[in-house]
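Before any comments, here is the structure.
Residue numbers run from 1 in the order of the sequence given.
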Amino acid sequence: MAETDLRRGLDAQGYIAPEGSLGRIPHAFRPVVAAARDRLLDVFGARMHSAYLYGSIPRGTARVGRSDLDLLVALRAEPTEADRAAARVLGEDLDKEFAQIDGVGTLLYGRERLLSDLETYDLGWFVSCLCTPLLGDDLAEYLPRYRPDSLLARETNGDLGLLLPRWRERIAGAGDSDDARRPLVRFMSRHLVRTGFTLVMPRWGGWTSDLAEMAEAFGAYYPARAEQMRVAAGLGHEPTGDAGVLRSYVDDLGPWLAGEYARVHGVKAPRPD
């Protein structure tokens with residue numbers, strides 16, 4: 001078996017190594033994962049091709065009472081609104097039942113889309129490298145291996161410029177309270193740090209999902225923006241409800257990052273949705 005360079009997240013051949021495993025799940029979260037596995041089968045049954053964990057729980061870095069449960073479900077056909085509603089109910093029930101987690105997020109996609117040419121270097125890479133198989137036939141067997149190159153950078157996060165108008169709408173529509181804004185700060189902070197990291201990923205020469213390490217890698221190449229990214233990494237873990245943070249994301253850091261990303265890697269190929 002190829003040895004893995006843990007700092008850079010690559011195997012001996014220079015490909016991005018899968019970052020999680022069922023064996024790394026902390027003991028406190030194993031009942032949550034077991035319940036999720038059983039309930040996914042109950043909800044989706046034969047319509048489900050496979051299911052995966054991703055995020056801090058399969059990486060072994062989850063914090064009790066602070067981390068969320070992240071799931072991806074590949075269906076045999078494109079998901080319907082009824083499927084999405086069922087996934088929301090499943091997540092809400094798990095969140096209420098298990099104090100170990102702080103929320104559940106479930107991504108739903110059709111198998112055909114996940115294996116499509118258009119998604120090879122975005123959703124395909126995500127399934128292959130960042131997802132840990134939980135149920136069914138692992139789609140990674142049908143996907144290529146991936147290097148931390150400019151093509152991967154473009155197709156994973158090269159759409160920030162398109163997302164910013166939607167972010168502004170979400171901010172405007174959020175309630176005027178810290179509790180309403182805190183989830184947005186968390187989500188946008190994480191997204192910006194990951195985008196900043198993939199901007200420099202080919203030069204850095206590896207992969208990591210650690211927000212602090214991502215921010216440090218970015219800062220080595222863009223020192224003028226380093227402190228902004230370090231702060232964003234911190235807010236990705238411990239978000240506040242500061243409206244000024246959100247404004248700075250959509251008026252300053254976000255537009256700058258989108259422009260620099262397009263200059264360096266180009267813009268992500270358009271998606272139907």
Side-chain angles (χ1 to χ4, degrees), residues 20 22 25 29-58 62 67-120 122-128 130-143 155-156 159 162-163 165-167 169-175 179-180 182-184 186-188 190-191 268-273:
L22 297 181
I25 297 173
F29 293 93
R30 292 186 179 183
V32 188
V33 172
R37 181 187 60 227
D38 293 343
R39 294 178 199 184
L40 285 170
L41 286 169
D42 292 341
V43 170
F44 295 108
R47 290 178 297 129
M48 181 173 62
H49 173 274
S50 49
Y52 306 81
L53 300 170
Y54 68 96
S56 62
I57 290 179
S67 296
D68 52 0
L69 173 67
D70 294 310
L71 301 166
L72 182 145
V73 177
L75 298 176
R76 298 186 186 279
E78 286 300 304
T80 64
E81 286 305 314
D83 290 327
R84 294 187 177 92
R88 284 194 294 272
V89 171
L90 182 151
E92 290 166 0
D93 289 346
L94 288 170
D95 189 32
K96 290 176 184 176
E97 184 173 344
F98 293 98
Q100 300 95 309
I101 55 174
D102 182 19
V104 178
T106 304
L107 301 176
L108 295 179
Y109 293 102
R111 177 185 184 276
E112 184 176 349
R113 178 173 177 181
L114 292 171
L115 294 180
S116 67
D117 290 343
L118 187 62
E119 295 292 354
T120 297
D122 188 9
L123 291 176
W125 164 78
F126 183 77
V127 169
S128 182
L130 304 191
C131 288
T132 297
L134 182 64
L135 289 165
D137 183 20
D138 185 6
L139 291 176
E141 298 296 325
Y142 306 95
L143 293 161
E155 290 304 304
T156 52
D159 58 350
L162 298 176
L163 296 177
R166 301 179 201 174
W167 287 15
E169 291 176 1
R170 290 183 64 181
I171 293 168
D179 286 344
R182 193 173 291 113
L184 291 180
R186 181 175 186 265
F187 165 75
M188 293 178 189
R190 291 184 171 203
H191 195 106
K268 183 175 182 174
R271 300 304 197 261
D273 54 359

Are Leu71 and Leu53 side-chain neighbours, meaning at least one heavy-atom pair lies under 4.5 Å? yes
Tightest non-hydrogen contact, residues Ser67 and Ala62, listed as OG-CA, 3.4 Å
Using 4.0 Å as the upper bound for N to carboxylate O, is an ion pair formed by Arg166 and Glu169? no
Quick one, Ile171 with Met188, criterion side-chain contact (heavy atoms from CB on, under 4.5 Å). Give me CA distance, side-chain angles, the key distance, then yes/no. CA-CA 10 Å; Ile171 293 168; Met188 293 178 189; 3.9 Å; yes
Is there side-chain contact between Leu139 and Cys131, with heavy atoms separated by less than 4.5 Å? no
Lys/Arg N to Asp/Glu carboxylate O, Asp159 vs Arg271, below 4.0 Å: no
His49 side chain reached by Arg76 side chain, heavy atoms, under 4.5 Å: yes
Count the heavy atoms belonging to other residues, nucleotides or ligands that lie under 6.0 Å from CG of Asp117, then report whether that count exceeds 12. no
Could you pull out the closest heavy-atom pair between Phe29 and Ile57, with the gap in Å? CD2-CD1, 3.7 Å
Output the distance between atom CG (Leu40) and atom CE (Met48), rounded to the nearest 0.5 Å. 5.5 Å
I'd like to know if Asp93 pairs up with Arg39 as an ion pair, taking the criterion as any Lys NZ or Arg NE/NH1/NH2 lying under 4.0 Å from an Asp or Glu carboxylate oxygen. no
What is the minimum heavy-atom distance between Gly124 and Leu143, and which atoms define it? O-CD1, 3.3 Å
Can you find a heavy atom in the side chain of Leu69 that is under 4.5 Å from one in the side chain of Asp95? no
Is there a side-chain contact between Asp83 and Arg47, using heavy atoms and a 4.5 Å cut-off? yes
Between Asp68 and Arg186, does any side-chain N to carboxylate O distance fall below 4.0 Å? yes
Please test Val73 against Val43 for side-chain contact (heavy atoms from CB on, under 4.5 Å), starting from the C-alpha separation and ending with a verdict. CA-CA 11 Å; Val73 177; Val43 170; over 6 Å; no
Find the distance between CG (Leu107) and CG (Leu123) and round it off to the nearest 0.5 Å. 8.5 Å
Could you check whether any side-chain heavy atom of Tyr52 comes within less than 4.5 Å of a side-chain heavy atom of Asp70, counting everything from C-beta outward? no
Where is the tightest heavy-atom contact between Leu135 and Arg37, given as atom of each residue plus distance? CD2-CG, 3.4 Å
With sequence neighbours excluded, tell me which residues meet ring pair (Phe, Tyr, Trp, His ring centres under 6.0 Å) with Tyr54. Phe126
So His191 and Trp167, do their side chains get closer than 4.5 Å, heavy atoms only? yes
With the side chain counted from C-beta on, respond yes when Glu155 and Trp125 share a heavy-atom pair under 4.5 Å apart, and no when they do not. no
Smallest heavy-atom separation, Gly91 atom then Val104 atom, equals O-CG2, 3.5 Å
If I take atom OG1 from residue Thr80 and atom CG from residue Leu108, how far apart are they, to the nearest 0.5 angstrom? 8.5 Å
Leu184 and Ala180 have their tightest heavy-atom pair at CG-O, 4.4 Å
Do other residues, nucleotides or ligands put more than 12 heavy atoms under 6.0 Å from Glu112 CD? no
